[in-house]
Amino acid sequence: MIKIKFISLLLILVLAAGNLFAGGGSRNGSAGAAQLLIPVGARGISMAGSSIVGSQGIESIYWNPANLSRGDQNTNVMFSQMNYIADIGVTYGAISANIESFGAIGFSIKSLNIGAIEVTTVGNPDGTGQKFTPSFMTIGLTYSRLLSDKIAVGLTANYISEKLDLAQASGFSFNVGISYRNLANVNGLNFAVVLKNLGPQIKYDGAGLYIKAISDDLSRPTQLYKVEAAGFELPSTIELGLGYLLNFNASNSLQLNGVFQNSNFYGDEFKLGVEYNFDNIFFVRGGYMFMPELDSDSNIYGVTAGMGIKYDLGGTMLKLDYAFRQTKFFDSSHVFAVQFGF
């Protein structure tokens with residue numbers, strides 16, 4: 001019965017995504033709310049975003065909400081900081097809890113620190129002396145549940161908030177994930193499907209959309225007219241992942257992941273990741289992502305790498321992770337993450 005439910009859910013997700021992602025590469029760069037595509041967490045980034053399969057616990061909230069319920073600890077806290085392109089800072093925090101017979105719930109928040117920007121106008125193209133600070137934030141609520149020892153499902157509801165001086169936009173998006181462990185009864189063979197950033201269009205509003213208009217014949221005084229902003233679609237994606245956990249002995253293992261991602265506003269992406277685990281204490285990771293449909297300059301990211309340690313502090317599990325992502329045209333990204341499990 002569980003397998004029938006899993007297959008039904010999988011078919012629904014794939015069929016629902018068929019029309020949504022058709023011809024995605026022909027609309028490159030025309031989606032909004034691009035902040036949803038910025039990854040978080042050092043482990044997933046160091047594996048080139050291929051961890052929708054092997055992630056578990058609180059680190060999986062962004063990558064695959066289904067795996068939140070696979071965490072080892074009942075309560076978890078995570079904090080991550082990344083220096084993104086163009087000196088943008090990405091701060092991420094999350095907290096989760098496993099509740100017996102109910103499932104796992106998680107709360108997350110991601111914020112972009114862009115810094116102050118000079119206000120310019122037609123009359124003052126070099127600046128008015130004033131500055132404004134853009135605000136981009138995503139707040140998520142996640143629920144995940146194990147349907148069996150092999151199958152897990154999860155859903156994240158995100159509140160999206162963007163503000164540019166006197167104009168702002170807000171809306172909601174949803175991530176849906178399914179993961180299957182030991183596929184075809186092969187120990188260590190795992191499969192996952194994730195649909196991300198599904199939701200209605202969003203558009204900007206606010207006082208910043210009002211403009212002054214003056215009649216040519218001076219038949220009426222200066223008046224304010226509001227520009228009606230066009231709505232924009234969310235950058236939805238579907239990801240299919242396959243992974244294999246190779247155990248050499250009790251102290252050494254290797255996680256191999258491969259992910260195919262299709263987007264409604266970008267070209268297809270293929271992500272490969274690997275993680276070496278020594279005694280469940282020390283981890284070394286690497287990855288690479290490529291897009292065969294697009295030219296080499298379209299993909300500004302290159303090799304990813306990272307490492308991590310996991311240590312038991314006497315009932316409290318501490319995890320420290322670092323990731324490096326090679327970037328063209330900009331400074332490469334460095335990501336630091338810390339987790340506590342109780």
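One-based numbering along the sequence shown. Heavy-atom basis, side chains included; hydrogens, waters and symmetry copies ignored.
- At distances below 3.5 Å, not a single donor-acceptor pair connects side-chain atoms of Gln130 with backbone N or O atoms of Val119.
- Checked options Thr142, Ile139, Asn175, Leu198; the residue passing with Asn158 is Asn175 (criterion: side-chain contact (heavy atoms from CB on, under 4.5 Å)).
- A donor-acceptor contact shorter than 3.5 Å is absent between the side chain of Asn182 and the backbone of Lys150.
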Quick one, Asn67 with Glu59, criterion side-chain contact (heavy atoms from CB on, under 4.5 Å). Give me CA distance, side-chain angles, the key distance, then yes/no.
CA-CA 9 Å; Asn67 288 331; Glu59 69 180 17; over 6 Å; no
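- Between Tyr276 and Asn252, some side-chain heavy-atom pair lies under the 4.5 Å cut-off.
- Counting only distance, with no hydrogens or angles, the side chain of Asn76 and the backbone of Ser96 share no donor-acceptor pair below 3.5 Å.
- Less than 6.0 angstrom separates the ring centroid of Phe290 from the ring centroid of Phe270.
- The heavy-atom pair separating Met289 from Ala48 by the smallest distance is N-CB, 4.2 Å.
- Annotation: the span from Thr237 atom OG1 to Leu195 atom CG amounts to 7.5 Å, rounded to 0.5 Å.
- Checked by atom type and distance alone, the side chain of Ser144 pairs as donor or acceptor with a backbone atom of Ser69 at under 3.5 Å.
- For NZ of Lys328, the number of neighbouring non-hydrogen atoms (other residues, nucleotides, ligands) closer than 6.0 Å is greater than 12.
- No side-chain N or O of Lys110 forms a donor-acceptor pair with one of Gln35 less than 3.5 Å apart.
- Heavy atoms from other residues, nucleotides or ligands lying under 6.0 Å from NZ of Lys131 number 12 at most.
- Asp331 CG: 12 or fewer foreign heavy atoms inside a 6.0 Å radius.
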Please walk me through it: do Lys319 and Met78 pass side-chain contact (heavy atoms from CB on, under 4.5 Å)?
CA-CA 9 Å; Lys319 293 182 67 177; Met78 176 181 175; over 6 Å; no
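- More than 12 heavy-atom neighbours from other residues, nucleotides or ligands sit within 6.0 angstrom of CZ on Phe342.
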Candidate pair Phe191 and Val193, rule side-chain contact (heavy atoms from CB on, under 4.5 Å), full reasoning
CA-CA 7 Å; Phe191 175 75; Val193 179; 3.5 Å; yes
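- Under 3.5 Å, the side chains of Glu162 and Tyr204 contain a donor-acceptor pair of N or O atoms.
- No side-chain donor-acceptor contact under 3.5 Å links Asn98 and Asn74.
- A centroid separation of less than 6.0 Å is found between the aromatic rings of Phe172 and Tyr159.
- Taking CG of Asp165 as the reference point, atom OG of Ser135 lies at 12.0 Å (rounded to 0.5 Å).
- With hydrogens and angles ignored, the 3.5 Å screen pairs a side-chain donor or acceptor of Ser236 with a backbone N or O of Asn197.
- Following chains of ILVMFWY side-chain contacts shorter than 4.5 Å, one can reach Leu246 starting from Leu242, so the two form part of one hydrophobic cluster.
- Counting only distance, with no hydrogens or angles, the side chain of Thr304 and the backbone of Phe324 share no donor-acceptor pair below 3.5 Å.
- Stacking of Lys196 on the aromatic ring of Tyr62 is recorded, both the 6.0 Å distance cut-off and the 45° axial limit being met.
- Looking at Met82 and Ile38, their side chains come closer than 4.5 Å, going by heavy atoms from C-beta outward.
- Counting heavy atoms of neighbouring residues, nucleotides and ligands inside a 6.0 Å radius, atom NZ of Lys163 does not exceed 12 of them.
- Residues Phe102 and Tyr143 place their aromatic rings such that the two centres sit under 6.0 Å apart.
- Using a 4.5 Å cut-off on side-chain heavy atoms (C-beta onward), Trp63 and Pro39 make contact.
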Step-by-step side-chain contact (heavy atoms from CB on, under 4.5 Å) determination, Ser173 to Ile160
CA-CA 7 Å; Ser173 71; Ile160 310 161; 3.8 Å; yes
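- Side-chain contact annotation: Glu275 with Asn277, donor-acceptor N/O pair under 3.5 Å absent.
- Of the possible donor and acceptor atoms, none in the side chain of Glu239 sits under 3.5 Å from a partner among the backbone N and O of Val194.
- Not a single donor-acceptor pair under 3.5 Å links the side chain of Asp321 to the backbone N or O of Ala337.
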